[in-house]
Amino acid sequence: AYGKNDITPGTITAPTSVCKNTNFQVDNGGNPSAIDGGETYYFTFYYSADNYNWQSLFSGGNPIVTTSINKTTYFKRKFSIQQDYYWNFQNLESPAITVGVYNDLVSGVIASNQTTCYNVAPSSIVEALASTGGSGSYTYSWNNSTDNNTWNAIPNSNSVSYSPPKLTQTTYYKRSTIDQCGTVASNYVLMTILNNVDPGTISSDQTICFGTAPTTLIGTTPSGGTGTFTYQWESSADNANYSSVAGATSSNYTPSNLNSDIYYRRAVTCTCGTFYSNSIKITVRADINAGSIGTSQTVCNGAQPNQINGNGALGGDGSFTYYWQYTLDNSNWYNVANSSTVNFLPGYLTTTTTYKRFAVNICGSKATNTVTITLNPILVSGLLASNQTICNGAAASTIHGEASTGGDGSYNYQWYKSTDNANWTPIVNATSQDYDPGSLTQTTYFKRTVTSNLCGNATSNTILIRSEERRVGKE
């Protein structure tokens, strides 16, 4: 038979350290040495806080046991062997082992609360105090909430720190530290999101006349964000490329006189950045082009001038009325009554007259060029000098005629004769200012006509050259 000293007690194993109040196994590290194939083993486990005072731990006779602890604890195992129906070699003890307990898992501290502008990413949330306790092998998970009540896991957020995205509402964040001993949550931090900046609106599209100023552009008061608002008005020719308007830094803006279309908007700047109002368009009507009238005329006294034709005016709002003016001295102008048409037919004139036409619409009025109708003086033939009496067959003196005046200044003369002052005959080749009748054998009347190229003709007075028989005296 074998003695007690011939039996080895075997060994037990367990984790070096375990989580507090978490089940673990004290395992069979090695069975006792066998006597022969017919032995029966019975195991009893013991634990002690000081490796001196021991208490039994129920294992049902099994070689392993499951238990939990909350402080460092010692374990050992006793066993007995049944041999030939007798229990021999009882209370053989394994060597004692020590199992430590991890410190409580502490999440650490994250920092810190922030106030952030709308749709702007806050600064990263960082670890102010590191997690401690547990096994020391940590993973992390971040959570967010809009009400500090219902929390949502943030995908792929497994770092010590976390960088939130751009936010449009106030949001809470906390971090969970995960270890084999459990999961603990950190404090929360609050990301306060300021109201979105509303830059306000400006009013409103306008249509103005060339070279005039729009009415003041009124801007509403901006809101949201934080800090004091400053303003800068901007202008653009294409509503795409804007530049600052020098000195335009008030809430409202009054543009200067404009000659072309332009867009305006207002930039509003605060701590949260620069934001832009709506844009408005100032439409500038084309400058008024009064058109033209043409051309000057020269007419004879008593003749009606030709119609003065003009082309239509352009610009402004495109809707025109017309009126005509005249002057006799190029200084004092007078309205022509009932002259509201594009073209104008003057009446009969008594003196040289100059005309112009005005085009009128909501953007004002402008005058055309001027047209002068020059009135030639009345054609005057000039007087013939005086009656003569000659002897029959004698030569008459030359008939002198005054130079013609008036008309267009171009004169053609023709002399006529008559024996009865009723029936007149043109004298061949008698086309000079004066006329030499030559010898006459009968009483004859003479006159002269003058023709002006444009202004017709005129007839002189009539003179009489009386031819008398010679008288013979007594001897």
Treating [X] as the side-chain partner and [Y] as the backbone partner, does any N or O pair qualify as donor plus acceptor under 3.5 Å?
X    : Y    : value
N369 : I293 : yes
T98  : Y74  : no
W142 : S159 : yes
T171 : Q169 : yes
R77  : I64  : no
N113 : L190 : yes
T354 : N330 : no

Side-chain contact test, heavy atoms from C-beta onward, threshold under 4.5 Å: evaluate it for [X] versus [Y] and give yes or no.
X    : Y    : result
I373 : T352 : no
V197 : Y118 : no
Q206 : T215 : yes
S176 : N143 : yes
V120 : K166 : no
Y47  : V99  : no
L167 : P122 : yes
D198 : P222 : no

Can you give each donor-acceptor pair under 3.5 Å made by side-chain atoms of residues 127-138, sequence neighbours left out, with the distance rounded to 0.1 Å?
from, atom 1, to, atom 2, distance (Å)
E127, OE2, R175, NH1, 3.1
E127, OE2, R175, NH2, 3.1
S131, OG, S107, O, 2.6
S131, OG, R175, NH2, 3.3
S131, OG, T177, OG1, 2.8
S135, OG, S137, N, 3.3
S135, OG, D179, OD1, 2.4
S135, OG, D179, OD2, 3.4
Y138, OH, G133, N, 3.3
Y138, OH, G133, O, 2.5

Anything under 3.5 Å between a donor and an acceptor, one on a side chain of residues 10-19, the other on a protein residue two or more places apart or in another chain? List them.
from, atom 1, to, atom 2, distance (Å)
T11, OG1, G30, N, 3.2

From [atom1] ([X]) to [atom2] ([Y]), nearest 0.5 Å:
X    : Y    : atom1 : atom2 : value
T350 : L375 : OG1   : CG    : 7.0 Å
S56  : Y46  : OG    : OH    : 6.0 Å
N361 : R285 : CG    : CZ    : 7.5 Å
K174 : S186 : NZ    : OG    : 8.0 Å
S68  : K20  : OG    : NZ    : 12.0 Å
T341 : I308 : OG1   : CD1   : 10.5 Å

**OP:** Go through the steps for N278 and T201 under the test side-chain hydrogen bond (donor to acceptor under 3.5 Å, both in side chains), then give the verdict.
**Re:** CA-CA 6 Å; N278 59 303; T201 59; 4.7 Å; no
Original post:
Does any pair with a residue in residues 336-355 pass ring pair (Phe, Tyr, Trp, His ring centres under 6.0 Å), and if so which ones, sequence neighbours excluded?
Top reply: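 Residue pairs passing ring pair (Phe, Tyr, Trp, His ring centres under 6.0 Å), neighbours aside: W324-F344, F344-Y355.
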Subject >> Summary of ring pair (Phe, Tyr, Trp, His ring centres under 6.0 Å) pairs that have at least one residue in residues 174-219, sequence neighbours excluded >> reply: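 Every ring pair (Phe, Tyr, Trp, His ring centres under 6.0 Å) pair that includes a residue of residues 174-219, provided the two are not neighbours, is Y172-Y188.
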Original post:
In chain order, what residues pass the disulfide bond (SG atoms under 2.5 Å apart) check against C209, with sequence neighbours excluded?
Top reply: C363
Subject >> From CA spacing to verdict: side-chain hydrogen bond (donor to acceptor under 3.5 Å, both in side chains), T269, T274 >> reply: CA-CA 4 Å; T269 301; T274 298; 2.9 Å; yes
**OP:** Count the heavy atoms of every other residue, nucleotide or ligand shown that sit under 6.0 Å from CG of N21, and state whether that count exceeds 12.
**Re:** yes
Could you go through residues 234-243 and list every donor-acceptor pair under 3.5 Å that involves a side-chain atom there, pairing it with any protein atom two or more places apart or in another chain?
from, atom 1, to, atom 2, distance (Å)
E234, OE1, R265, NE, 2.7
E234, OE1, R265, NH2, 2.9
S236, OG, D238, N, 3.1
S236, OG, D238, OD1, 2.8
S236, OG, N239, N, 2.8
S236, OG, A240, N, 3.4
S236, OG, N241, O, 2.9
D238, OD1, A240, N, 2.9
D238, OD1, N241, N, 2.9
D238, OD2, N241, ND2, 2.9
N239, OD1, Y242, OH, 2.4
N239, OD1, S279, OG, 3.2

**OP:** Just do the side-chain hydrogen bond (donor to acceptor under 3.5 Å, both in side chains) check on N252 and S250 with the steps written out, would you?
**Re:** CA-CA 5 Å; N252 304 325; S250 298; over 6 Å; no
Original post:
Do the side-chain N and O atoms of N376 and T374 include a donor-acceptor pair separated by under 3.5 angstrom?
Top reply: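 The criterion, which ignores hydrogens and geometry beyond distance, is not satisfied for T374 and N376.
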Original post:
Are side-chain N/O atoms of S251 and R266 paired as donor and acceptor at under 3.5 Å?
Top reply: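 Present: a donor and an acceptor within the cut-off.
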**OP:** Give me the ring orientation class for F24 and F75: parallel if the planes are under 30° apart, tilted from 30 to 60°, perpendicular past 60°.
**Re:** perpendicular
